[in-house]
**Q** 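Before I ask anything, let me first share the structure, which is written out below as structure tokens.
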Amino acid sequence: MELLANYLAAESQEQAGVWVQELFRRHYPKVVGWCLRFTGDRDDAYDLAQTIFAKACRHLDSFRGQSKISTWLYSITRSECMNYLKSRSRRPAAADGDELDQVPDRAAPRPDQALEQEAWSRLVHGLLDQALDDTEKKVFTLHYGDDVPLDAITRLLGLSNRSGAKAYIVSARRKLKRAVRLWKGRKEVLDA
Amino acid sequence: MADIDPTDVDALRAALAPSGSCLTLEQLGRLCDRDHAGSADARAAEHVAGCLRCRTELAMLKQFEASALRPEEQEDARWIVGRLTLDVEQLTGGGVLPPRRRASARAAGWRRFVAPRPLAGVLAAVAAALLVVLNVPGRDGSPPALPPDATAGPSSLRSDAIAVKGPAGDVDAAPKDLRWEPAAGAASYSVQLMEVDRTPVWSGESRDLRIALPASVRARVVPGKPFLWRVVAKDAAGQAIAVSEMQRFRLRMRTPHPRE
């Protein structure tokens with residue numbers, strides 16, 4: 001925050017520039033590492049990091065200090081990484097043999113389904129929470145909640161197993177199916 | 001709900017998408033800090049405990065905050081950071097930052113609108129008339145005389161913050177070290193040596209008022225090739241508290257002796 005205060009107090013553009021450079025310099029490794037993991041490509045990561053810091057420069061005066069500067073930079077980084085993914089593909093590539101992706105598309109929930117959707121969401125969170133381990137939960141949430149491709153998840157989480165995030169999706173799916181089967185069995189008993 | 005298949009991909013996507021009650025990154029950041037343990041954050045923590053999405057988001061934020069580059073990323077990261085450093089210097093020097101308002105203007109506030117500017121002109125005219133009437137000698141075009149001890153002491157290049165001793169300008173030999181004057185409150189100093197296009201050449205940390213240049217770096221200092229360097233003073237917590245102006249030095253080109 002001291003660097004930010006120095007930047008805000010700077011009287012000349014040159015001094016302001018120096019403080020901004022110093023401020024950002026501390027966060028280069030974080031942002032660059034993130035970009036490398038998202039893109040898996042040096043040139044793409046550079047373009048992405050450049051976009052992030054250009055945006056941060058333009059909007060630095062709007063930073064209100066409600067969070068740490070690194071959190072603020074993370075929000076820009078996250079948003080730009082998602083834009084990068086969208087520009088590459090609207091949806092993540094399905095894991096081979098992913099039975100989940102063979103299910104036909106559902107229509108968007110109707111307004112009268114909102115409450116049901118919320119209950120459904122809680123149910124899914126509960127089932128995933130019970131059935132999956134921590135890494136599987138992260139992989140599942142990033143892949144299905146944020147459309148992050150499996151190769152990017154593998155790099156982001158530093159997964160070193162042979163097939164990376166894909167193996168976690170496969171095992172998570174198997175566990176989820178078992179959990180759903182148990183839940184349905186219990187529900188049938190209760191409904192009877 | 002019984003007609004919903006929990007293995008339906010789009011249904012899963014809908015369930016894992018952010019809901020209205022999910023926390024913003026700012027709120028998650030406060031949870032990360034644990035410095036703001038207010039009641040609002042207690043409610044936020046309660047939500048996070050039951051929300052897979054927020055937990056994952058929080059885990060990713062923590063990973064970002066703590067992230068160190070992995071060994072396999074080091075080389076690419078060095079390449080990117082070198083270019084980013086240049087880009088940000090160009091950006092910050094190229095009008096991307098909002099224009100500065102002078103501190104005096106900020107402090108003066110309403111007073112600048114009522115400042116008696118015409119009076120200043122009148123006062124200047126009166127002062128000029130007095131100089132003529134009293135026959136006070138003005139500038140005669142010759143350089144002002146220096147006090148006798150003006151050239152004593154180290155030839156420091158002063159900046160607003162850290163005064164740098166050198167090297168600066170044309171030098172006769174590749175410098176063995178970089179030197180500067182102390183900055184108040186500084187516990188250590190960070191030094192960056194760059195090429196003129198700001199490509200990083202070398203950087204180092206020192207608790208002293210000098211830092212030795214490694215032989216490998218000195219070997220790169222060849223006649224006629226300019227280098228830039230800058231020193232940043234840091235406090236005990238590692239926060240930058242002062243910075244020098246950018247210094248430029250160059251190993252003088254060797255001019256052949258007339259008899260050679």
Side-chain angles (χ1 to χ4, degrees), chain A residues 2-3 9-13 16-18 20-22 24-25 28-30 32-34 36 42 45-46 49-50 53-54 57-58 60-61 66-68 70-71 74-75 77-78 100-101 103 105-106 109 116-117 119-121 123-125 127-129 137-138 141-142 144-145 158 176-177 180 187, chain B residues 1-2 4-19 25-26 28-30 32-33 50-53 55-56 59-61 63-65 67-70 73 76-77 79-81 83-85 87-89 91-93 95-100 102-103 160 232 239-241 243:
Chain A
E2 198 172 330
L3 283 175
E11 292 199 354
S12 71
Q13 289 296 106
V18 167
V20 171
Q21 288 157 30
E22 177 61 19
F24 286 172
R25 191 178 65 79
Y28 285 154
K30 287 187 178 95
V32 167
W34 213 254
L36 280 168
R42 188 182 76 169
Y46 169 48
Q50 197 182 40
F53 282 105
C57 273
R58 282 198 304 276
L60 190 54
D61 275 23
Q66 298 291 310
S67 61
K68 286 199 293 191
S70 56
T71 306
Y74 175 70
S75 69
T77 304
R78 189 191 184 288
L100 296 178
D101 279 350
V103 179
D105 281 358
R106 286 158 46 95
E116 191 170 308
Q117 173 67 43
W120 154 248
S121 178
L123 170 66
V124 171
H125 281 234
L127 287 173
L128 292 172
D129 237 354
K137 285 175 199 169
K138 281 181 196 164
T141 309
L142 288 168
Y144 290 112
L176 180 62
K177 275 187 176 173
V180 168
K187 191 173 184 301
Chain B
M1 219 170 5
I4 298 174
D5 178 2
T7 58
D8 180 330
V9 153
D10 284 324
L12 281 174
R13 283 180 174 140
L16 292 170
S19 72
L25 280 172
E26 209 170 72
L28 288 171
R30 281 200 290 273
C32 233
D33 290 347
C51 177
L52 197 55
R53 187 190 169 79
R55 283 213 309 274
T56 302
M60 299 315 283
L61 174 59
Q63 189 178 319
F64 177 83
E65 298 271 8
S67 74
L69 287 166
R70 297 170 188 152
E73 295 168 344
D76 285 344
W79 182 87
I80 296 171
V81 167
R83 275 148 191 81
L84 267 185
T85 306
D87 295 338
V88 170
E89 283 190 9
L91 275 173
T92 54
V96 170
L97 295 175
R100 299 289 94 190
R102 293 188 64 79
D160 287 344
V232 177
Q239 298 288 313
I241 52 172
V243 63

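Side chains are part of it too, since the values below use all heavy atoms of this structure and drop only hydrogens, waters and symmetry mates. Residue numbering restarts at 1 for every chain, and letters A, B, ... go by the order of the sequence lines.
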**Q** Under a 4.5 Å heavy-atom cut-off, does chain A meet the side chain of B:Asp87, its backbone, both or neither?
**A** side chain
**Q** How long is the straight-line distance from OG1 of B:Thr85 back to CZ of A:Arg25, given to the nearest 0.5 Å?
**A** 8.5 Å
**Q** Locate the shortest heavy-atom distance separating A:Leu36 from B:Ala77; write the atom from each residue and the value.
**A** CD1-N, 4.1 Å
**Q** Please report the interatomic distance CG(B:Asp10) to OH(A:Tyr144), rounded to the nearest 0.5 Å.
**A** 10.5 Å
**Q** Verify side-chain contact (heavy atoms from CB on, under 4.5 Å) between B:Leu84 and A:Phe24, making sure each step is shown before the conclusion.
**A** CA-CA 10 Å; B:Leu84 267 185; A:Phe24 286 172; over 6 Å; no
**Q** Strictly distance-based, threshold 3.5 Å: is any side-chain N or O of A:His125 a donor or acceptor partner for the main-chain N or O of B:Leu52?
**A** yes
**Q** Could you tell me the separation between the CG atom of B:Leu28 and the OG atom of A:Ser67, rounded to the nearest 0.5 Å?
**A** 11.0 Å
**Q** Between B:Val81, B:Val232, B:Leu16, who has the most heavy-atom pairs with chain A when the cutoff is under 4.5 Å?
**A** B:Leu16
**Q** Go through the atoms of A:Gln50 and report whether side chain, backbone, both or neither lie under 4.5 Å from a heavy atom of chain B.
**A** both
**Q** If you compare all heavy atoms of B:Leu69 against all heavy atoms of A:Gly33, which two are closest, and at what distance to 0.1 Å?
**A** CD2-CA, 3.6 Å
**Q** Hey, which of B:Glu26, B:Arg55, B:Glu65 has the most heavy atom pairs under 4.5 Å with chain A?
**A** B:Glu65
**Q** Which pair of heavy atoms, one from A:Lys137 and one from B:Thr56, lies closest together, and at what distance?
**A** O-OG1, 4.2 Å
**Q** Hey, can you tell me if B:Phe64 and A:Tyr74 have their rings parallel, tilted or perpendicular (30° and 60° cut-offs)?
**A** tilted
